[in-house]
Structure formats: structure tokens, C-alpha cells
Amino acid sequence: MAVNRGPNPAHIVTVTDLSPQTLRSLIAHLEVSTDFEHLVYRESELDAIWSISGFVLKNDPEKADGETIHRLHEAAHRAHDLVACGRPREAADILRTCL
Amino acid sequence: MLSREENHVLTQTGPGTPCGEYFRRYWLPVLLPTEVPFPDCPPVRVRLLGEDLVAFRDTQGRVGLMDEYCPHRLASLFWGRNEECGLRCVYHGWKFDVNGACLDMPNEPPEYGFQNKIRIQAYPTREYGGLIWAYLGPPAKMPELPKLEWARVPDSHRYVSKRFQETNYLQAVEGGIDSSHSNFLHATVDAFRVTDSYVTKVRNSNNLRAKYHMLDRAPRFTVKKTDYGLLMAVRRNAEEDTYYWRLTQFLLPSHTMIPYQKGNSIHGHCWVPRDDQTCWVWTISWNPEQPLSQEDLDAIASETFVHSKVDPASFRPLRNKDNNYGIDRNLQRTTTMTGIHGFAAQDQALQESIGPEVDRTREHLGTSDTAIIATRRLLLQEIRALEEGQEPKTAHRGDLYWVRSCSLLLDRDVEFEEGARELMKAEV
């Protein structure tokens with residue numbers, strides 16, 4: 001029997017980088033998040049993306065892909081606030097524009 | 001991170017503010033009975049939720065809590081005379097009872113009946129669980145007292161202390177539910193470095209916290225919304241087939257319980273806004289089965305854990321920011337991470353170092369901060385619901401508070417809610 005290996009919204013995505021894989025995982029989790037607990041986890045992941053991208057911009061402003069990171073930093077902020085309002089799917093759409 | 005507006009909503013607790021109105025739907029600890037120890041004793045000043053109040057115990061032993069300022073010329077009733085079932089302003093003699101009724105107005109002609117038209121704002125109080133509680137909300141919405149286990153045990157099973165903290169209440173609550181700080185702030189240098197001598201010491205220890213914190217430095221965090229607030233679970237790898245779980249309770253509006261190990265005493269806090277820059281920290285240690293042990297009382301006296309020695313008048317801890325909390329830099333080099341004695345002073349030092357009101361738009365949270373995020377979101381939901389006319393359910397369900405925190409080992413295939421169900425039930 002096939003086992004459903006879709007994203008589990010009750011699991012926190014480990015955010016250690018700003019890679020497309022990390023963003024895809026976040027987006028997939030955002031799309032299936034419904035409960036209070038799920039939204040808390042998604043908010044913490046977006047906080048981590050916002051923090052990491054913010055530190056990169058601050059510490060290495062001349063970085064070649066600075067514009068991309070700047071867009072991601074702003075998108076993470078907007079997505080974070082949408083999750084806080086209980087709108088995780090819209091947050092996923094925002095984040096998808098950064099892929 | 002929070003938006004500026006969210007941060008404002010969560011931290012402003014004066015009259016008329018959304019969060020202030022929310023706190024005014026609950027009974028709040030306000031005084032130790034020893035502050036108003038006998039009938040007709042001197043009144044004391046109380047600052048609570050941004051209001052200046054005065055408390056007194058009247059001739060019949062009832063505790064009154066009222067506006068500090070006499071409605072006549074706004075003189076402080078702290079200077080008042082507590083006499084014959086009322087507090088008399090010594091400026092012009094107006095006298096008020098515990099319910100706020102004006103009993104006497106000797107400087108006005110009695111035929112005007114002026115005293116029958118005047119009241120002072122007074123709030124109901126209750127003596128319960130070794131404390132005096134007050135309700136500052138609308139009389140028609142008066143809630144139940146929370147059936148917290150510590151409030152229901154015999155006096156000999158419980159120790160309560162009160163201290164003044166120079167931060168907004170939310171910073172203090174966030175310290176209470178933040179499980180990830182204890183590996184650092186409260187650690188010894190040996191524990192932090194996992195030295196051989198430390199490993200030898202804790203490997204066969206009964207102290208599960210020390211043992212398993214050492215073995216797994218990267219715990220997994222889970223939160224569950226409950227009828228009373230939140231249950232925060234932290235999971236660490238223990239033995240090959242087990243996890244070590246620590247479960248912290250957050251009970252609305254601002255009670256917390258530290259994970260306890262079966263057989264030890266239990267500890268908790270209630271963090272009450274004094275105003276927007278300071279709060280009252282109520283710390284409770286209790287043993288549901290027996291009187292507190294000599295070991296418990298020694299730990300309290302020596303301030304090693306959650307209680308602090310305070311100035312008896314102001315309740316400001318003797319270790320405070322004016323003396324750098326008694327930091328011993330040599331101790332910090334050799335023995336403990338902070339060089340500050342006692343968990344309470346360590347917490348207070350770091351929480352106060354952030355400033356009286358945090359600008360949470362500038363924070364950088366991560367996935368280990370889920371408990372903090374969950375608490376903020378829950379409080380915001382509750383505050384906004386009240387703004388829309390939905391009364392907080394927990395305030396009217398005292399029985400919901402009949403829970404405990406816990407820590408335990410569970411087989412890896414057991415869900416923590418299931419495995420800890422019995423341990424999380426209060427018994428008294």
C-alpha cells in the first residue's frame with residue numbers, strides 16, 4: 001500500500017539556509033497548515049528566514065545576489081504577518097515568488 | 001517578531017487598554033496576607049495594572065482595595081487612619097468602607113446628604129491559597145477563582161514569595177515559558193562544556209533533567225493549545241528506546257508551571273502587571289502530598305532556585321540591577337555561566353537587561369522560540385476576542401486550572417499527551 005509522505009504541518013521545518021529546497025519545504029507546509037499549532041510553527045520558520053536573510057544583508061551587503069535576498073527578506077516579513085492573521089496559503093503564494 | 005501594533009496591544013495594561021481589560025477579567029494575586037496582618041492595621045500602597053490603589057484590613061478582618069486618592073481633594077489615603085470599619089482620609093475626614101461607600105463626611109452639612117452620593121472606586125478581594133486576590137473588572141463579569149493546585153494544598157505544603165521586577169509583565173512570562181534558556185543561563189560551566197567530571201556526576205543521577213540535557217543539546221519543541229492556555233513540550237533523546245519530555249504549563253492570563261519530576265516539590269509563577277514598565281512576580285513552591293521538606297525550605301532560604309530575598313517594604317530583590325545582581329566574575333570564570341547566585345536573580349538580570357519594554361519588532365526569533373510565539377498569539381487572540389464581546393472562558397472555569405506540569409521518560413512510540421496524562425492531573 002502506498003504511504004502518503006506529504007508534508008506534516010505538525011513538524012517544524014529545520015531552517016539553516018535560504019536555499020530553494022528550504023523555501024519549497026516551507027511553502028509545502030504552509031499549504032497544509034490549518035491549526036493554531038501549525039501556524040505557530042510556520043511563524044517560527046518565517047521568523048528564522050527573516051532573521052537569516054536580515055543578517056546576510058547586514059553583514060554582507062555587497063553580496064552578488066543581494067537583491068534576491070532583499071526580496072526574500074521582505075517576502076518573509078509579509079508572509080509572517082499573513083500567517084499571524086491566519087492566512088497561510090497567501091503566505092505560501094508570497095514566498096513562491098522568491099523561488 | 002511582532003508588529004509594533006501587536007506589541008503595543010500585548011504590553012499596555014492600564015484602564016481602557018485591550019490587554020488591561022483582558023487582565024481585568026481575572027482574579028489576580030495582589031498582596032501577601034502579612035502586608036495587612038491584623039484588623040485596623042496600617043494601610044499599604046498597591047500599584048496594579050497601572051492603577052494606584054491602597055489596601056487595608058478593616059475592623060472585621062475584611063481586606064479593602066480602593067483608589068489611593070480620596071475623591072474630595074485627591075489626597076492620598078495611604079496617610080489615612082484605619083478605624084472602625086473604614087479608612088478615613090486625614091485631610092478633611094472623609095471615610096470609606098471596603099466596598100467604597102462613603103461612611104462619613106464631617107466637613108459637609110449632614111442635611112445635604114452629600115456622603116450618600118459619593119463613592120470611591122473599590123475592588124473586591126478574596127483570601128485564597130495563602131494570598132490576597134483582587135478583581136478589577138466589571139462587577140457583572142466577576143469570574144471564578146482559579147482552582148490551582150497550589151492554592152488548595154494546606155499552608156504547610158506551600159511557600160509563596162513576591163518580588164518586584166523592572167520589566168513589562170510579558171517579558172517575565174516569556175522567560176517563564178522559554179525552555180531553551182535553562183541550558184545556558186542556569187547552567188554550570190561544567191554542564192555547558194559537558195566535562196568528564198560532569199558526565200560522571202550526572203550519568204547515574206536521579207536528576208533526569210541534568211542527565212538528558214547533557215545527552216541531547218538540540219531538543220524538539222511542540223506546543224498544544226488547551227482549554228486553559230498552552231502546554232509546551234520539549235523532547236530530548238534519552239535512552240535508545242525512550243525520549244525525555246519536559247512539559248510546561250501556561251495558564252491564562254499569566255500563570256506558569258515549571259516541569260517537575262515526580263517525588264519533588266512543584267514550582268510555578270504568576271506574573272502580574274504592576275504597570276507597563278514593571279510587574280509583580282509571584283513564585284510558588286508546593287508539595288501536594290506532604291509539607292515542604294527541610295531541603296525545600298533550605299533551598300528557599302539560600303535562594304538557590306526560584307525564590308529571591310527581597311526588601312520587605314518594596315519587594316525589590318536584594319540582588320538587583322543597582323548592585324549588578326551581586327555578580328561574581330570569578331565564579332563566572334570557574335563555576336556558573338552567569339556568576340549570579342540563584343535562578344531567580346539570573347532570570348531577573350537578563351530579563352531586566354532587555355529594558356522595561358521590549359521593542360519586539362527588532363527581535364530575531366527562531367524555531368526554538370515556538371513557546372513564546374504561541375503565547376503571544378494566544379494572548380492576542382484572547383484580547384481581540386474580548387474586544388469583540390467574547391468573554392474569556394477560562395476566567396469562568398476555575399476547574400480548568402486543576403493541572404500540573406511534569407517531566408518524564410516515555411517510550412519513543414508513545415504520544416506525550418497520552419503518556420503524561422495521569423501525571424498532568426492535579427491531585428488536591
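Every chain is numbered from 1 and lettered A, B, ... according to where its sequence line falls, protein lines coming before strand lines.
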Heavy-atom pair of closest approach, residues [X] and [Y]:
X	Y	answer
B:Glu363	A:Trp50	O-CZ3, 3.2 Å
A:Val40	B:Val223	CG1-CG2, 4.2 Å
B:Arg377	A:His80	NH2-CE1, 4.1 Å
A:Tyr41	B:Thr370	CD2-CG2, 3.8 Å
B:Gly366	A:Ser44	O-CB, 3.7 Å
B:Thr367	A:Val13	CG2-O, 3.9 Å

Which answer fits [X], side chain, backbone, both or neither, if we ask what part of it has an atom under 4.5 Å from a heavy atom of chain A?
X	result
B:Thr361	backbone
B:Leu230	side chain
B:Thr222	both

- Query: Picking from A:Glu45, A:Glu43, A:His77, which has the most non-hydrogen pairs under 4.5 angstrom with chain B?
  - Reply: A:Glu43

- Task: Using the side-chain contact (heavy atoms from CB on, under 4.5 Å) rule, take A:Asp47 and B:Ile373 through it: C-alpha gap first, then chi angles, then the decisive distance, then the call.
- Result: CA-CA 10 Å; A:Asp47 263 317; B:Ile373 294 169; 3.7 Å; yes

Reported [atom1]-to-[atom2] distance for the pair [X] and [Y], which is rounded to 0.5 angstrom:
X	Y	atom1	atom2	value
B:Met1	A:Asp81	CE	CG	6.0 Å
B:Lys225	A:Leu39	NZ	CG	10.0 Å
A:Phe36	B:Gln381	CZ	CD	5.5 Å

- Message: Under 4.5 Å from any heavy atom of chain B, what part of A:Ala84 do you find: side chain, backbone, both or neither?
- Response: both

- Message: If you count every heavy atom of other residues, nucleotides or ligands that lies below 6.0 Å from B:His8 atom NE2, does the total exceed 12?
- Response: no

- Query: Got a sec: does the CZ of B:Arg220 have more than 12 other heavy atoms crowding it under 6.0 Å?
  - Reply: no

